[in-house]
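Working notes, beginning with the structure itself.
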Amino acid sequence: MSHSLNRVSKVSFAAAIACLSTLGYQATASAANGVVPWRNQPVAESASAPAAPAPAQHACSASDLKVVPGQQGARRGYATQELRITNRSTESCYILGAPSIELQHPDALVESVSPAAAPAEVAQQRIDLAPDDDAYILIGTPGACEASVGPKRKVAKRVKLFPRGGGNLTLDGVHVDTLCGPAKVLQMEVVQDEPKQAAKAAANAAAAGKSLGLRELTGAITAPESVARGETLRYTVTLTNPTNEAIKLAPCPSYTQSLHTEGRTQNSTYMLNCAGAAGQIPARSSMSFAMEAVVPADMTGLGVKLSWSLQDALSVGTIIPLR
C-alpha cells in the first residue's frame with residue numbers, strides 16, 4: 001500500500017511541475033529554509049524598461065518647489081548639509097546645474113555659494129522632477145583647519161536658494177560652518193523614495209479603476225551588514241500578501257535591482273522565480289526570495305544604496321556599507 005502511495009505522490013508532483021512549465025515557469029527545487037532560490041534569468045532592458053517620461057519643459061522656479069533641511073554629515077574631508085527639495089507643483093520641472101545659494105549668518109554676514117565652484121559634473125547636471133518627486137543638494141565646507149581647534153565658529157543657520165526658473169526660497173535650521181573655507185555644492189541627486197513611489201503607483205492604479213493585484217503586496221529587504229567591492233551581494237526580499245485571497249504570479253513578473261552610490265547607478269532586471277513560489281503568494285502569507293547582485297570592483301563611496309522594484313508594483317530599499 002505504501003509503495004502505491006509513493007508512486008501516486010511522484011506522479012502528482014511530476015504532473016504539477018509539467019503544469020507549471022506549460023504556464024511559462026521554470027521548474028526549480030523547493031525553497032530551502034523557506035527561501036525561494038534565485039533564478040538567473042536576465043530580462044532584456046528593452047523588454048522590461050517602462051517608457052521614459054517626457055522631459056520637463058520649464059526650469060523649476062521658487063513657486064514650484066518646497067525645500068527643507070536634510071541630514072548633516074561628512075564626505076571626503078567636507079562637513080556637509082543636505083537641502084531636500086520637493087516639486088510641489090502639478091507639472092514637471094527641471095533643475096539645471098548648481099543653483100545660486102546665499103548663506104545668511106546671525107551677524108548679518110552674507111556669503112555666496114557660487115555655482116562656478118561646483119564640480120564639473122554638477123555644473124552640467126540636469127535633474128527632472130515630476131510632481132511630488134524629491135531631490136537633494138549637498139553643500140560642503142572644509143571640515144578641518146588650524147582655526148577649527150579653537151572655540152570660534154562661523155555658522156550660517158539660514159540659506160536662501162535662487163532657482164534658475166526665478167524667485168527665491170529661504171530655509172532656516174541648517175548648519176553650515178565656513179570657518180575653514182567657503183561652501184560649495186558637492187552633489188545633486190534625485191531621491192529614490194521607495195515607499196512614496198509605491199504609494200503613488202497604487203494611487204494611480206486606484207484612480208484608473210484598475211485591480212491592484214501585485215500592488216497589494218508589501219515588501220522588505222534583508223541584507224548583510226556590509227558587502228565588499230567586486231563580490232556578489234546576496235540578500236532576500238520578502239513579499240507579503242495582506243489580503244484574504246492568493247495573489248497570482250501570472251504572468252510571472254520581473255524585478256529590477258539597482259546599486260547606487262555617489263552619482264553612479266547599476267541596474268539589472270531578472271525574472272522572479274515564480275515556479276519556486278508555486279505561482280502565487282498565498283492569502284495572509286509571506287514568501288522570501290533569494291537575490292544576487294554583483295557589486296562593481298571600482299564602485300566608490302562608503303555605502304551602496306540597494307533598491308529593488310517589482311514590475312508594476314512595490315519598491316523597497318536599504319543602504320549597505322561598502323568595504
Side-chain angles (χ1 to χ4, degrees), residues 59-87 93-129 133-192 260-265 299-303 305 319 322:
C60 297
S61 67
S63 61
D64 295 320
L65 303 175
K66 178 181 73 173
V67 58
V68 297
Q71 295 181 342
Q72 298 172 20
R75 179 178 184 268
R76 295 183 177 179
Y78 286 88
T80 60
Q81 169 71 62
E82 285 185 3
L83 308 182
R84 183 82 171 242
I85 295 173
T86 302
N87 180 1
C93 64
Y94 65 84
I95 299 172
L96 183 61
S100 295
I101 299 173
E102 285 184 355
L103 304 179
Q104 300 183 351
H105 294 260
D107 58 1
L109 173 67
V110 176
E111 294 182 276
S112 295
V113 182
S114 171
E121 61 272 18
V122 174
Q124 301 172 9
Q125 185 177 4
R126 171 173 168 145
I127 294 178
D128 280 50
L129 293 177
D133 275 359
D134 299 319
Y136 71 83
I137 297 174
L138 189 67
I139 297 176
T141 57
C145 61
E146 186 174 344
S148 65
V149 300
K152 183 180 178 181
R153 291 294 177 265
K154 191 179 178 183
V155 177
K157 296 289 188 179
R158 170 181 288 181
V159 299
K160 184 174 283 190
L161 187 71
F162 298 86
R164 294 198 179 190
N168 63 80
L169 297 162
T170 299
L171 174 63
D172 291 309
V174 299
H175 184 102
V176 183
D177 189 349
T178 58
L179 179 66
C180 293
K184 67 179 181 179
V185 175
L186 301 177
Q187 189 176 24
M188 299 194 309
E189 291 290 343
V190 173
V191 176
Q192 301 295 331
H260 175 84
T261 180
E262 294 193 357
R264 176 181 177 182
T265 300
M299 184 162 269
T300 59
L302 299 177
K305 171 70 179 295
I319 297 176
L322 283 170

Out of curiosity, [X] [atom1] to [Y] [atom2], how far, rounded to the nearest 0.5 Å?
| X | Y | atom1 | atom2 | result |
| --- | --- | --- | --- | --- |
| Lys154 | Asp177 | NZ | CG | 9.0 Å |
| Asn168 | Phe162 | CG | CZ | 5.0 Å |
| Cys145 | Leu179 | SG | CG | 5.0 Å |
| Ser100 | Arg164 | OG | CZ | 7.5 Å |
| Glu82 | Arg75 | CD | CZ | 11.0 Å |
| Leu186 | Gln81 | CG | CD | 12.0 Å |

Quick check on Leu302: does its CG atom have over 12 non-hydrogen neighbours (other residues, nucleotides or ligands) under 6.0 Å away? no

Taking atom CZ of Arg158 as the centre, does the number of heavy atoms from other residues, nucleotides or ligands within less than 6.0 Å exceed 12? no

How close do Ala144 and Cys180 get, heavy atom to heavy atom, and via which atoms? C-SG, 3.6 Å

Minimal heavy-atom distance between Leu169 and Ala62, with the atoms involved, is CD2-O, 3.6 Å

Does the side chain of [X] reach to within under 4.5 Å of the side chain of [Y], using non-hydrogen atoms?
| X | Y | value |
| --- | --- | --- |
| Ile101 | Leu83 | yes |
| Asn87 | Cys93 | yes |
| Pro69 | His175 | no |
| Thr80 | Gln187 | no |
| Leu129 | Ile95 | yes |

Under 3.5 Å, is there a donor-acceptor pair between the side chain of Ser61 and the main chain of Gly166? no

Keeping the roles fixed (side chain from Arg153, backbone from Thr178), state whether a donor-acceptor pair exists under 3.5 Å. no

Side chain to side chain contact (heavy atoms under 4.5 Å, CB included) test vs Val67 passes for just one of Thr170, Ile85, Ile137, namely Ile85

Leu171 vs Leu161, test: side chain to side chain contact (heavy atoms under 4.5 Å, CB included). Steps then yes/no. CA-CA 8 Å; Leu171 174 63; Leu161 187 71; over 6 Å; no

Side chain to side chain contact (heavy atoms under 4.5 Å, CB included) for Val185 and Gln125? Distances and angles first, verdict last. CA-CA 12 Å; Val185 175; Gln125 185 177 4; over 6 Å; no

Verdict with supporting geometry, Tyr78 and Lys184, side chain to side chain contact (heavy atoms under 4.5 Å, CB included): CA-CA 10 Å; Tyr78 286 88; Lys184 67 179 181 179; 3.2 Å; yes

